[in-house]
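Note sheet for the following structure.
Values in this document were obtained by computation on a predicted structure and should not be read as measured data.
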Amino acid sequence: MNKLKNGLRRVEPGRKAMIVCVALLIALKLGLCSFQMMLASPNLSPIDDSLMVRAASSIVAGEWLGPYDCLTLGKHMGFAIWLALLNKLGINFLLGGQILFAAACVVALFALKPLFRTNLARLFMFACVLYTPASWAEHTLRVYRDNIYPALVLMGLTALTGAFLRWRERPLKALPYYIIAGLALGAAWLTHEDNMLLIPFLACGTLVFVLFLLLCKEGTQKTAKLAMLLIPIACFASLPLAYSAMNQAHYGRFIVSDFTSKEFNDAMGALTRVKQEENQPFLILPRETREQIYAVSPLFAKLGEQLETDDIYNSYGSVSAKEISSGGFHWAVRVAAQRTGIYENAKTAEQFYTALAAEVNKACDDGLLPAGKRRSGTLAPFDASYIAPTLREFGKSVKAMVLFEQTKPTTDLSIATPEQTAYWEDFMHCRSTIAAEENTSVAYYAPLQRIANLGLQTITMVWRVIVWPMMAATLWFLISYCKKLVAGAKKREVPKDLMGCILMVGILLTALLRMAAISYLTAMSFGIPTYLMYLSAACPLLTLFAGFGTARWFEDWCADAAA
């Protein structure tokens with residue numbers, strides 16, 4: 001046992017050695033990922049990639065998000081601001097995303113230090129998260145927000161956890177982590193619309209922190225530490241408030257997005273309040289239901305003149321069925337509203353949706369339409385028929401995560417004109433997959449690119465092997481920890497790392513919550529195969545937890561063996 005103890009001491013890196021290892025791991029990953037190329041197909045992504053590039057170009061030109069139309073405030077445009085920043089700095093957009101992800105991993109490394117006994121364990125967890133295959137997967141090569149959103153979520157949650165872990169120390173010890181958490185979560189809020197999935201962790205994590213601080217005798221300066229909770233709130237709020245102020249100045253609306261605005265959600269809620277004769281998968285508002293609403297709502301009938309067209313069916317549904325899919329319905333409504341002049345400015349759009357919600361709700365209340373309770377939101381009302389498909393989709397999501405599906409470091413051939421390609425490559429400071437292999441539609445990669453891609457694919461293959469023992473080690477750690485917790489409870493002793501372990505389980509549950517929510521949306525609205533991009537924010541959180549659990553199991557095993 002002494003040999004084992006001495007051997008562990010020899011491999012345990014000091015602080016400087018650990019920092020050197022971290023720098024080398026980051027440099028290696030950036031080097032491999034620097035050979036990746038982006039997917040640039042402007043005409044195939046009008047409400048996704050192209051929208052972000054359009055907004056970023058306007059920001060660089062000093063025109064904020066550009067002229068107002070149905071898309072200008074259609075999404076949270078934090079990623080467009082990021083693209084504009086990288087453009088000004090002259091940084092390759094793919095490399096910029098990797099740098100941000102590496103920064104998030106570094107935050108996790110230092111924030112979660114109190115949970116480990118050794119630097120070696122921390123370094124292992126860091127390497128696991130940094131080299132998660134989802135971080136270089138094909139969906140990250142699109143010019144879209146999921147290139148950076150997982151990094152912002154990882155940074156925000158681990159920084160907040162790090163701040164809470166320092167509840168026994170001087171208040172200023174937690175200050176850097178509170179600031180980072182607030183800014184990262186604020187940036188995440190501006191980047192994606194589904195940040196409500198983060199609220200349970202933020203609320204429950206804060207509650208756990210407050211309970212430990214107030215109920216345990218170890219904490220000091222409790223009032224100051226409670227007051228410091230205002231710091232991440234202030235940092236978080238500053239970004240959406242500044243962004244909304246810019247929208248107020250340019251469009252007359254103090255909002256982050258008119259897609260998530262009250263009036264648009266009220267209007268969509270009123271329309272989907274109308275009951276269908278029979279629930280139809282992937283059709284939030286079938287044609288027969290739309291016809292019913294047209295008959296009693298002049299405002300919706302006005303939209304129908306543009307909504308019921310082959311162009312809309314082709315873009316957002318099916319021409320042959322004359323239907324609009326659930327996933328495309330909200331965008332179809334906005335495009336139809338644009339064509340009828342409703343998006344003359346932000347105020348006219350607000351007034352229209354407010355009036356539409358009132359008109360349809362009145363028709364429902366007066367019994368002119370079969371309807372349920374008043375509601376607001378862009379999702380269809382819950383139906384029990386969605387449960388089984390959601391569970392099946394959740395199983396597919398777990399399979400995609402465990403087997404590291406859709407994580408190849410290459411992407412398809414870009415489809416663009418020479419002019420479009422030149423503009424996108426110049427703006428993003430990044431090459432696109434515009435060249436094809438001879439007589440094929442497969443993107444061409446040069447020899448050095450092939451070597452780098454092979455390196456990333458090799459790491460993925462390693463992951464597919466080690467993920468199983470890591471899952472087993474994590475499960476063993478959890479079981480052992482629960483046993484120790486029960487034994488400690490009998491002696492009225494609380495483990496010093498209990499709060500940290502609770503928060504780490506919270507991070508795991510946050511990842512699973514996102515997977516469940518996306519599974520529900522896929523089963524209810526999307527009707528497409530499991531897509532890792534929608535699950536991307538969960539990937540580093542799951543890897544973080546697996547790395548944490550494995551490292552803690554190893555530390556416990558070493559301690560038991562050396563005892």
- Give the minimum heavy-atom separation between Trp82 and Gly96, together with the two atoms involved. CZ2-O, 3.4 Å
- Task: Please answer whether the main-chain N or O of Phe254 pairs with a side-chain N or O of Ser244 as donor and acceptor at a distance below 3.5 Å.
- Result: no
- Task: Report yes if some heavy atom in the side chain of Ile342 is under 4.5 Å from a heavy atom in the side chain of Leu303; otherwise report no.
- Result: yes
- Report the relative orientation of the aromatic rings in Tyr149 and His192; use parallel for angles under 30°, tilted for 30 to 60°, perpendicular for over 60°. tilted
- Note on the structure: Between Leu65 and Leu73, the two heavy atoms sitting closest are CD1-CD2, 3.7 Å
- Specify whether Tyr481 and Phe477 have parallel, tilted or perpendicular ring planes, treating 30° as the upper limit for parallel and 60° as the lower limit for perpendicular. tilted
- Does some side-chain heavy atom of Cys105 sit less than 4.5 Å from a side-chain heavy atom of Leu154? yes
- Query: Just wondering, do Tyr343 and Asp258 contact through their side chains at under 4.5 Å, heavy atoms?
  - Reply: yes
- Item | Polar side-chain atom of Arg514 near backbone of Tyr534 as donor-acceptor pair, under 3.5 Å | yes
- Heavy atoms only: give me the nearest Ile180-Ala159 pair and the separation to one decimal. CG2-CB, 3.8 Å
- Item | Donor-acceptor side-chain pairing of Glu393 and Thr530 below 3.5 angstrom | yes
- Item | Min side-chain heavy-atom separation Leu71-Arg54 under 4.5 Å | yes
- Task: Can you measure from OG1 (Thr522) to CZ (Phe282) and round to the nearest 0.5 angstrom?
- Result: 9.0 Å
- Message: Could you check whether any side-chain N or O of Asn265 sits under 3.5 Å from a backbone N or O of Ser261, counting only pairs where one atom can act as donor and the other as acceptor?
- Response: yes
- Message: Just checking Phe101 against Trp136, ring centres under 6.0 Å apart?
- Response: no
- Taking C-beta and beyond as the side chain, do Arg375 and Pro381 meet within less than 4.5 Å on heavy atoms? yes
- Query: In terms of side-chain heavy atoms, does Asn361 have a donor or acceptor partner in Arg273 at a distance below 3.5 Å?
  - Reply: yes
- Show the numbers, then the answer: is there a side chain to side chain contact (heavy atoms under 4.5 Å, CB included) between Lys396 and Ser519? CA-CA 9 Å; Lys396 294 177 183 178; Ser519 297; over 6 Å; no
- Starting at CZ of Arg334, measure out to CG of Leu307 and round the result to the nearest 0.5 Å. 13.5 Å
- side chain to side chain contact (heavy atoms under 4.5 Å, CB included) partner of Leu152, chosen from Leu100, Leu185, Leu183: Leu100
- Task: Let me see the working for Glu263 and Gln351 under side chain to side chain contact (heavy atoms under 4.5 Å, CB included), right down to the final yes or no.
- Result: CA-CA 8 Å; Glu263 71 275 359; Gln351 292 165 1; over 6 Å; no
- Derivation and outcome, salt bridge (Lys or Arg N to Asp or Glu O under 4.0 Å), residues Arg374 and Asp266: CA-CA 9 Å; Arg374 288 202 176 209; Asp266 285 350; over 6 Å; no
- For Trp167 and Cys216, work out which heavy atoms get closest and say how close. CH2-CB, 3.5 Å
- Message: Please check this pair: side chain of Asp49 against backbone of Val143, looking for a donor-acceptor N/O pair closer than 3.5 Å.
- Response: yes
- Query: What residue among Phe209, Tyr177, Phe212 forms ring-ring contact (aromatic ring centres under 6.0 Å, His included) with Phe164?
  - Reply: Phe209
- Query: Hey, is the main chain of Trp189 close enough, under 3.5 Å, to the side chain of His76 for a donor-acceptor pair?
  - Reply: yes
- Does a sphere of radius 6.0 Å around CD in Glu344 hold more than 12 heavy atoms from other residues, nucleotides or ligands, not counting ones at 6.0 Å or beyond? no
- Carboxylate-amine/guanidinium contact Glu350 Arg253, below 4.0 Å: yes
- Query: Between the main-chain N or O of Leu25 and the side-chain N or O of Tyr131, is there a donor-acceptor pair closer than 3.5 Å?
  - Reply: yes
- Message: For Glu138 and Thr411, which I'm curious about, is there any donor-acceptor pair between the side chains at under 3.5 Å?
- Response: no
- Query: Can you check whether Asn147 reaches Arg142 side chain to side chain, under 4.5 Å on heavy atoms?
  - Reply: no
- Message: Given 3.5 Å as the limit, does a donor-acceptor pair link the side chain of Asn87 with the main chain of Ala56, or not?
- Response: no
- Query: In Å and rounded to the nearest 0.5 Å, what is the CD to CD1 distance from Gln98 to Ile91?
  - Reply: 13.5 Å
- Message: Is it the case that the side chains of Thr72 and Asp69 hold a donor-acceptor pair, with the cut-off being a distance below 3.5 Å and no angle test?
- Response: yes
- Note on the structure: One should read off an interatomic distance between Arg122 CZ and Met18 CE, to the nearest 0.5 angstrom, of 4.0 Å
- Query: Does the side chain of Asn247 pick up a donor-acceptor pair with the side chain of Tyr68 at under 3.5 Å?
  - Reply: no
- Query: So, Arg145 and Asp48, do they make that salt bridge, N to O below 4.0 Å?
  - Reply: no
- Message: Distance alone, cut at 3.5 Å: any donor-acceptor contact between the side chains of Ser536 and Asp146?
- Response: yes
- Please check if atom NZ in Lys362 has more than 12 non-hydrogen atoms from other residues, nucleotides or ligands closer than 6.0 Å. no
- Item | Closest approach of Ala137 to Leu532 (non-hydrogen atoms, all atoms of both residues) | CB-CD2, 4.3 Å
- Item | Worked check of side chain to side chain contact (heavy atoms under 4.5 Å, CB included) between Leu112 and Leu544 | CA-CA 11 Å; Leu112 303 183; Leu544 175 75; 4.0 Å; yes
- Phe548 vs Phe545 aromatic rings, parallel, tilted or perpendicular, using cut-offs 30° and 60°? tilted
- Item | Heavy-atom side-chain contact between Phe236 and Leu241 under 4.5 Å | no
- Task: Measure up the Phe259 and Trp331 rings against each other and bin them: parallel (under 30°), tilted (30 to 60°), perpendicular (over 60°).
- Result: parallel
- Query: Leu541 pairs by side chain to side chain contact (heavy atoms under 4.5 Å, CB included) with which of Leu157, Leu512, Leu508?
  - Reply: Leu157
- Query: Donor-acceptor pair, Thr407 side chain versus Phe404 backbone, under 3.5 Å?
  - Reply: yes
- Worked check of side-chain hydrogen bond (donor to acceptor under 3.5 Å, both in side chains) between Glu425 and Ser432: CA-CA 7 Å; Glu425 290 189 347; Ser432 63; 2.7 Å; yes
- Note on the structure: So CD of Glu359 and CG of Leu299: to nearest 0.5 Å the spacing works out to 4.0 Å
- Main-chain N/O of Ser326 paired to Ser525 side chain as donor or acceptor, under 3.5 Å: no
- On a heavy-atom basis, the closest approach of Leu141 and Gln36 is CD2-NE2, 3.6 Å
- Query: Sub-3.5 Å donor-acceptor pair from the side chain of Lys225 to the main-chain atoms of Glu169, do we have one?
  - Reply: yes
- Query: Heavy atoms, side chains only, cut-off 4.5 Å: are Leu130 and Lys29 in contact?
  - Reply: yes
- Message: Measuring from atom CZ of Arg168 to atom NZ of Lys496, what distance do you get when rounded to the nearest 0.5 angstrom?
- Response: 6.5 Å
- Walk me through it: do Met268 and Ile284 pass the test side chain to side chain contact (heavy atoms under 4.5 Å, CB included)? CA-CA 10 Å; Met268 295 302 103; Ile284 192 171; over 6 Å; no
